[in-house]
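Taking it in order: structure first as structure tokens, then the write-up.
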Amino acid sequence: MSPDTKNGAGGPAGTKTKEQPREVLLEVQDLHVTFGKGKKAFEAVRGVSFQVYRGETFGIVGESGSGKTTIGRAIMRIHPTSGGSIYYKGEKINGKIGRELDRRILKEIQMIFQDPMASLNERAKVDYIVSEGLMNQQKLSEEERLRRVRQALSDVGLLPEFASRFPHEFSGGQRQRIGIARALIMEPECIIADEPISALDVSIRAQVLNLLANLQNTKNITYIFIAHDLSVMRYFTDRIAVVHKGRIVELGETEELIAHAVHPYTRALQSAIPMPDPAHERTKKLTVYDPSIHDYDVNPPTWQEIRPGHFVLANDREVREGFGRM
């Protein structure tokens, strides 16, 4: 059963209320992404469903190889889907779509890539890197193009004269700002940020996160924020979907999920968060998730709403007895 239909309008992506109606900007329904064919086929994403509301920051968290980046790339149409549907503003955007819709999606949904050292063309100047997508979308005078490039660089805290330089002349944090400017110049409504700070020094991670938050406030951007660190998610997101081996296992509002995490995998991610106190860090117990604790052969899991807006993938016995006593 699709988790979005199990619980009515909101499903596991969060419930809507008459007091606070929210506009769904993007909806993913029973998404599947498969790589390879035949015996070598590997299903990286298995039946993922969620909704993203306009203006929010929706987090997708999981360990390396969990499928979180694949979900983001499927939304961006970088990876083809093998099943399910992706809707943006009510229009299906996966599979074969019309040319005009494709152009609109390329403009309105942008992506910030993980590695600022690898995502920029070393042979191109910043001027070209930032405006390449813009030039493919519309015909602009050289004066207008340069104006937009300077404005995009200014929006991310870089000097306009940086447009004439090459990527190797910048630090990692500056390069990531260039990547953000490349997305911003398209005036997107939704940005998929794929671990945008994981390759950066600790000292500048907060700067990039604060920049993204300020841009959201001034430009009303909707973020899909992908990361492996729950502590970063707590700082930056409104809701979190926890992904394990291509499936969402828990979903809820950020503070609710952090305070009342129930799935063993979510608890394992929590236990890996570094603690600022060295004494507590030395004595804390690291939790290792063991999927064999589940008994799904006879009683398979379904989406269960354990608290308002807080969903977990579990069977009836797990909810009734509590994961903690398994």
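Note on K219 versus D155: salt bridge recorded, some NZ/NE/NH1/NH2 to OD/OE distance being below 4.0 Å. Taking 4.0 Å as the cut-off between side-chain N and carboxylate O, E189 and K89 count as a salt-bridged pair.
With a 4.5 Å cut-off on side-chain heavy atoms, I273 and S231 count as touching. Counting heavy atoms from C-beta on, the side chains of V126 and S164 never come closer than 4.5 Å. Looking at R317 and D295, their side chains come closer than 4.5 Å, going by heavy atoms from C-beta outward. With a 4.5 Å cut-off on side-chain heavy atoms, I71 and F50 count as touching.
Rounded to the nearest 0.5 Å, atoms CD1 (I93) and CD1 (I86) are 5.5 Å apart. Here the CD-OG distance, from E27 to S85, works out to 9.5 Å after rounding to the nearest 0.5 Å. Expressed to the nearest 0.5 Å, how far OG of S119 lies from CD1 of I129 amounts to 8.5 Å. One distance of note links CG of L120 with CZ of R182; it measures 5.5 Å at 0.5 Å rounding. M111 CE to I75 CD1: the interatomic distance, rounded to the nearest 0.5 Å, is 8.5 Å. Atoms CG and CD, from L209 and Q207 in turn, are 10.5 Å apart once rounded to the nearest 0.5 Å.
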Inset, instruction - Might you work through the side-chain contact (heavy atoms from CB on, under 4.5 Å) test for K107 and R104, ending with a clear yes or no? - result: CA-CA 5 Å; K107 176 183 183 299; R104 182 158 64 86; 5.8 Å; no
Inset, instruction - May I have the step-by-step check of side-chain contact (heavy atoms from CB on, under 4.5 Å) for I192 and I109, ending in yes or no? - result: CA-CA 7 Å; I192 300 171; I109 304 179; 4.1 Å; yes
Inset, instruction - List the steps, then state whether salt bridge (charged side-chain N to carboxylate O under 4.0 Å, His left out) holds for E144 with R148. - result: CA-CA 6 Å; E144 176 63 14; R148 294 201 185 186; 2.9 Å; yes
Inset, instruction - Test side-chain contact (heavy atoms from CB on, under 4.5 Å) on R145 and M135 and set out the steps. - result: CA-CA 8 Å; R145 185 186 68 83; M135 292 186 292; 3.6 Å; yes
Inset, instruction - Given ring-ring contact (aromatic ring centres under 6.0 Å, His included), test F236 with Y223 step by step and report yes or no. - result: CA-CA 10 Å; F236 195 68; Y223 287 124; 5.7 Å; yes
Legend entry - Evaluation steps, side-chain contact (heavy atoms from CB on, under 4.5 Å), between E108 and Y88: CA-CA 10 Å; E108 295 186 12; Y88 175 72; 2.7 Å; yes
Inset, instruction - Test N299 against E318 for side chain to side chain donor-acceptor pair (under 3.5 Å), laying out the working first. - result: CA-CA 10 Å; N299 190 0; E318 288 175 326; over 6 Å; no
Inset, instruction - May I have the step-by-step check of ring-ring contact (aromatic ring centres under 6.0 Å, His included) for F225 and F58, ending in yes or no? - result: CA-CA 6 Å; F225 192 84; F58 183 82; over 10 Å; no
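In the hydrophobic cluster analysis, where Ile, Leu, Val, Met, Phe, Trp and Tyr join through side-chain heavy atoms closer than 4.5 angstrom, I180 is grouped apart from F166. Residues L106 and I97 fall into different hydrophobic clusters, defined by Ile, Leu, Val, Met, Phe, Trp and Tyr side chains chained together at heavy-atom separations under 4.5 Å. Put simply, F113 and Y128 are part of two different groups of oily side chains (I, L, V, M, F, W, Y) that touch within less than 4.5 Å, one to the next. Linking ILVMFWY residues whenever their side-chain heavy atoms come closer than 4.5 Å, directly or via other members, places L159 and L184 in the same cluster. Linking ILVMFWY side-chain heavy atoms closer than 4.5 Å, directly or via other members, places L140 and V149 in a single hydrophobic cluster.
The main-chain N or O of T57 is found under 3.5 Å from a side-chain atom of D238 such that the two form a donor-acceptor pair. Put simply, the side chain of S271 gets close to the backbone of T287: a donor and an acceptor are under 3.5 Å apart. Looking only at distances, no side-chain donor or acceptor of N315 sits under 3.5 Å from a matching main-chain atom of P300. Judged purely by atom type and a 3.5 angstrom limit, Q110 has no side-chain atom pairing as donor or acceptor with the backbone of P188. Looking at R46, its side chain never comes within 3.5 Å of a backbone N or O of G246 through a donor-acceptor pair. Side-chain atoms of R54 do not come within 3.5 Å of backbone N or O of V24 as any donor-acceptor pair. Checking side-chain atoms of R77 against main-chain N and O of G95 turns up a donor-acceptor pair under 3.5 Å. Formation of a donor-acceptor pair under 3.5 Å by the R234 side chain with backbone atoms of I258 is not found in this model. Side chain of R267 to backbone of A261: a donor-acceptor contact under 3.5 angstrom is found. A distance-only check finds a donor-acceptor pair linking the side chain of R205 to the backbone of L200 [under 3.5 Å].
Using the six-membered ring where Trp is involved, F162 and F170 have ring planes that are perpendicular, over 60° apart on the 30 and 60° scheme.
Contact detail for P167 and A124: the closest heavy-atom pair is CD-O, 3.1 Å. Across all their heavy atoms, T237 and G59 have their closest contact at CG2-CA, 3.8 Å. Residues M186 and L134 approach most closely at SD-N, 3.3 Å, considering heavy atoms. Closest approach of K68 and V61 over heavy atoms only: CD-C, 4.2 Å. The two residues I191 and A183 make their nearest non-hydrogen contact at CD1-CB, 4.3 Å. Here the shortest heavy-atom pairing between Q114 and S198 reads NE2-OG, 3.2 Å.
Taking the ring centroids of Y289 and Y265, they lie under the 6.0 Å cut-off.
Judged by distance alone, the side chains of Q174 and Q176 never bring a donor and an acceptor atom under 3.5 Å apart. Side-chain contact, Q51 with Y87: no donor N or O sits under 3.5 Å from an acceptor N or O. At a cut-off of 3.5 Å, with distance as the only test, a side-chain donor of E195 or H228 sits close to an acceptor on the other residue. Using a 3.5 Å distance cut-off with no hydrogens or angles, the side chains of N94 and T81 do pair a donor with an acceptor. Remark: the H310 side chain and the E250 side chain contain an N/O donor-acceptor pair separated by less than 3.5 Å.
Residue Q216 qualifies as enclosed at atom CD: its count of foreign heavy atoms under 6.0 Å is above 12. Annotation for E161: atom CD counts as buried by contact number, over 12 foreign heavy atoms lying within 6.0 Å.
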